[in-house]
2 protein chains.
Amino acid sequence: MRSRADSSLAERKRQLVADELRDAALMLLATKGFDVVTVDDIVAAAGMSRRTFFRYFASKEDVVVRFLADMSVDVITELAARPPAEPPSVALRHALWVPLAACNDHPEHSERARVVVRLILDTPALHARWLESQIQWRAELATELASRCGLDPHTDPYPRMAAGMALLALDTVLQQWQPGDDEQRLTELTDRAFAVVAPALDAPTTSPDAG
Amino acid sequence: MRSRADSSLAERKRQLVADELRDAALMLLATKGFDVVTVDDIVAAAGMSRRTFFRYFASKEDVVVRFLADMSVDVITELAARPPAEPPSVALRHALWVPLAACNDHPEHSERARVVVRLILDTPALHARWLESQIQWRAELATELASRCGLDPHTDPYPRMAAGMALLALDTVLQQWQPGDDEQRLTELTDRAFAVVAPALDAPTTSPDAG
DNA sequence: GCAACTGGTGACACCGAGTGTCAAGGAATA
DNA sequence: TATTCCTTGACACTCGGTGTCACCAGTTGC
């Protein structure tokens with residue numbers, strides 16, 4: 001009986017197919033543009049059937065956006081792991097740095113990540129989906145922040161807005177991400193972006209009786 | 001020769017058709033949900049052809065989102081009209097209040113506006129489009145802010161992020177907008193949201209030599 | 001009054017995204 | 001070897017969105 005090993009094998013096979021599909025898709029989409037490449041083109045390049053594509057990805061947009069959306073768990077985990085005494089601006093800066101650091105750790109992946117970011121920012125449909133996935137991040141970050149600060153996320157706007165400001169900083173960094181930027185430059189951009197929102201993130205909480 | 005009057009007549013006829021389509025669409029979408037209502041349902045209710053719908057609206061999403069997106073010009077105009085000495089948080093708060101005030105001025109429209117906002121926030125595809133249209137707002141607000149503050153929007157992240165924070169405040173207000181809220185309540189929500197971001201909006205500019 | 005022109009409309013065909021269904025194949029199990 | 005489970009491909013279908021063409025109304029020019 002090796003049912004666990006079997007499931008692992010099946011899992012790896014699935015992962016292999018998903019990777020093949022994703023690689024073919026990203027290559028075509030990034031080089032030719034999102035709108036002109038059809039799903040038929042992608043599956044032809046990957047040597048699979050059209051139906052299989054939609055078994056692995058919910059939509060054409062999903063292939064691209066999942067790349068960034070998957071980072072959310074790491075970010076939340078990191079935020080939860082930051083020392084409670086740390087001011088919100090510092091904790092959030094470290095949490096959102098995690099995916100950026102992951103890019104830098106794998107230079108061969110970094111290039112593709114940057115290309116995907118460019119593709120998303122330049123394609124309205126993808127940009128919209130990316131922002132939509134940020135809504136989920138924001139809710140999760142807000143929940144974590146609320147428990148950190150002992151606030152009620154339903155009555156106090158701070159947690160949600162603090163999360164929104166952190167994601168705004170991330171967005172700003174990504175939009176300024178240029179080809180050839182090294183880790184040094186990325187750190188710089190991140191620091192500057194968080195410096196802008198820090199006064200609001202670390203401000204003493206507004207008196208709740210005002211609202 | 002009354003070519004101007006003619007064009008005005010044609011214009012009004014077009015407006016009439018567009019209104020008919022929009023009303024039928026909003027009623028169906030708001031009551032039954034965005035996904036279950038097809039364009040065929042809408043044009044059947046409006047008594048027009050499917051093709052005509054797409055001559056007036058770029059997409060099914062467009063009917064709903066245009067409602068909010070059209071407000072952007074008023075906001076930018078108001079921001080440009082605010083006294084230059086006014087701190088950014090105050091100027092932005094007044095600018096973004098314009099569309100909210102417009103809702104309050106027409107109670108019969110206010111109800112529909114709230115329903116549309118609810119529909120957008122509750123429908124992922126619409127929420128994504130709404131955020132996408134906010135990108136345009138943000139760019140325009142950033143340009144206006146940059147000229148107000150004498151900053152270069154390309155090198156300094158402040159204008160873009162300040163605009164983003166203002167829109168974040170608007171988003172927060174809309175999400176907390178409940179049935180039965182009067183102008184008083186809306187003012188309250190707006191004040192609280194802007195109070196959160198104000199420390200960052202009005203902070204002394206970061207030294208540009210840091211980046 | 002009649003012909004040409006214009007702009008809006010409906011009908012139709014078409015494409016691409018996405019889904020439901022079913023039969024076939026391949027690997028693990030009894 | 002027979003059975004079961006999972007994946008896949010093939011096919012048909014819905015729906016959003018577009019291009020095209022013929023039709024009709026109101027206008028312009030003779």
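Per chain, numbering begins at 1; letters A, B, ... match sequence-line order. Side chains included, hydrogens not; waters and symmetry mates left out as well; all remaining heavy atoms used.
The cationic atom of A/Arg22 (NZ for Lys, CZ for Arg) does not lie both less than 6.0 Å from the six-membered ring centre of A/Phe57 and within 45° of the ring axis.
Rounded to whole angstrom, the span from the CD atom of B/Glu20 across to the P atom of C/dG8 amounts to 18 Å. One interatomic measurement links the two molecules: CG of B/Asp41 to C1' of D/dC15, which rounds to 11 Å at whole-angstrom precision. As rounded to whole Å, 19 Å separates atom P of C/dG7 from atom CZ of B/Arg12. The separation between A/Gln15 atom CD and D/dT7 atom C1' is 16 Å, rounded to whole Å. For the pair B/Lys13 NZ and C/dT6 C1', the interatomic distance rounds to 12 Å; values are reported in whole Å.
For the segment residues 21-29 of chain A, no residue has any heavy atom less than 4.0 angstrom from an atom of DNA chain D. For DNA chain D, the neighbouring residues in residues 50-67 of chain A, judged by any heavy atom under 4.0 Å, are A/Arg51, A/Thr52, A/Arg55, A/Tyr56. Within residues 125-136 of chain B, no residue has any heavy atom closer than 4.0 Å to DNA chain D.
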Exercise. Is there a side chain to side chain donor-acceptor pair (under 3.5 Å) between A/Gln134 and A/Asp171 once you walk through the steps?
Worked result: CA-CA 10 Å; A/Gln134 278 195 8; A/Asp171 232 52; 2.9 Å; yes
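Within the 4.5 Å cutoff, side-chain heavy atoms of A/Arg14 are placed close to those of A/Tyr56. Here the side chains of B/Leu29 and B/Thr123 are not in contact, with every heavy-atom distance at 4.5 Å or above.
Enclosure of atom CZ in A/Arg160 is not indicated, since only 12 or fewer non-hydrogen atoms of other residues, nucleotides or ligands lie within 6.0 angstrom. In this structure, B/Arg129 places its CZ atom where more than 12 heavy-atom neighbours from other residues, nucleotides or ligands lie under 6.0 Å away.
Under a 4.0 Å N-O distance rule, the pair B/Lys60/B/Asp35 does not qualify as a salt bridge. In summary, A/Arg82 and A/Glu78 engage in a salt bridge, as defined by a charged side-chain N under 4.0 Å from a carboxylate O.
In this model, no donor atom of one side chain and acceptor atom of the other lie less than 3.5 Å apart for B/Asp62 and B/Ser59.
With hydrogens and angles disregarded, a donor-acceptor distance shorter than 3.5 Å links the side chain of A/Thr31 to the backbone of A/Leu28. At least one donor-acceptor pair closer than 3.5 Å links the side chain of B/Asp181 to the backbone N or O of B/Gln178.
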